[in-house]
Amino acid sequence: MDILTFLRQRAGDFRCPVCRRSLADCKMRQLTHQGSQYTVEVTCRKCDMAFVVALELHGGGDGAEEVAAAAAEAPPITADDILDVHRALKGYQGPLTALLEPDRDQP
Ligand SMILES: [Zn+2]
């Protein structure tokens, strides 16, 4: 089984990091292949967001393949995350830049 066929069968289980729609019908293009490691460019058909997925395949005893490591990227920021920040800052009176600067009291 080639990597794109393998991914295609599972793409419906994943969602676009940007528009959150199913990646079942996404576009896929293999970029690199070294041993059991692959990188594949995945493009969402709904919003055209493209991202690279790194995979390592291990052959199973029965010939089945298993994804050992996939997409080590941090999850995307969601609307809920923005609301959490908004709530956390609700009573804050200082400048926003002060929140981004390192704490000068630390050694
Ligand atoms: Zn999308």
Side-chain angles (χ1 to χ4, degrees):
M1 188 195 305
D2 74 58
I3 186 71
L4 295 183
T5 304
F6 175 81
L7 281 175
R8 176 68 61 201
Q9 290 174 352
R10 287 154 181 82
D13 295 337
F14 298 94
R15 293 185 180 281
C16 170
V18 173
C19 71
R20 309 303 296 166
R21 308 248 183 137
S22 168
L23 289 171
D25 63 345
C26 65
K27 288 177 267 186
M28 291 183 185
R29 187 165 65 95
Q30 184 178 319
L31 300 177
T32 66
H33 171 207
Q34 270 197 319
S36 61
Q37 298 183 329
Y38 300 80
T39 55
V40 176
E41 183 185 68
V42 178
T43 306
C44 174
R45 281 199 194 275
K46 311 229 165 59
C47 70
D48 272 338
M49 153 75 180
F51 53 98
V52 174
V53 178
L55 298 158
E56 183 167 358
L57 296 187
H58 293 282
D62 57 355
E65 291 167 317
E66 174 186 350
V67 175
E73 295 173 45
I77 295 172
T78 66
D80 284 346
D81 293 333
I82 301 290
L83 286 173
D84 284 346
V85 171
H86 189 75
R87 278 190 212 104
L89 294 178
K90 202 173 177 187
Y92 182 71
Q93 298 290 325
L96 277 178
T97 51
L99 296 171
L100 304 174
E101 289 169 2
D103 191 342
R104 294 201 180 92
D105 293 337
Q106 299 289 327

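Each ligand, and each atom within it, is numbered from 1 in the order the structure gives. Because the structure is a prediction, the values reported are computed rather than measured. Residue numbers start at 1 and run along the sequence shown.
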Non-hydrogen atoms of [X] and [Y] that approach each other most closely:
{"X": "G35", "Y": "H33", "result": "O-NE2, 2.8 Å"}
{"X": "L23", "Y": "A11", "result": "O-CB, 3.2 Å"}
{"X": "K46", "Y": "C19", "result": "CB-SG, 4.1 Å"}

Please name all residues satisfying salt bridge (Lys or Arg N to Asp or Glu O under 4.0 Å) with R8, sequence neighbours left out, ordered by chain then number.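 If we apply the salt bridge (Lys or Arg N to Asp or Glu O under 4.0 Å) test to R8, skipping adjacent residues, there are no hits.
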Please list, chain by chain and in numerical order, all residues satisfying side chain to side chain donor-acceptor pair (under 3.5 Å) with R29, sequence neighbours excluded.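 With neighbours one apart ignored, the set is E41.
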By side chain to side chain donor-acceptor pair (under 3.5 Å) - contacts of T39 (at least two apart):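 Testing T39 for side chain to side chain donor-acceptor pair (under 3.5 Å), a comparison that skips the adjacent residues, returns T32.
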Residue and atom, protein N/O/S, under 2.8 Å of the Zn ion (ligand 1): C16 SG, C19 SG, C44 SG, C47 SG
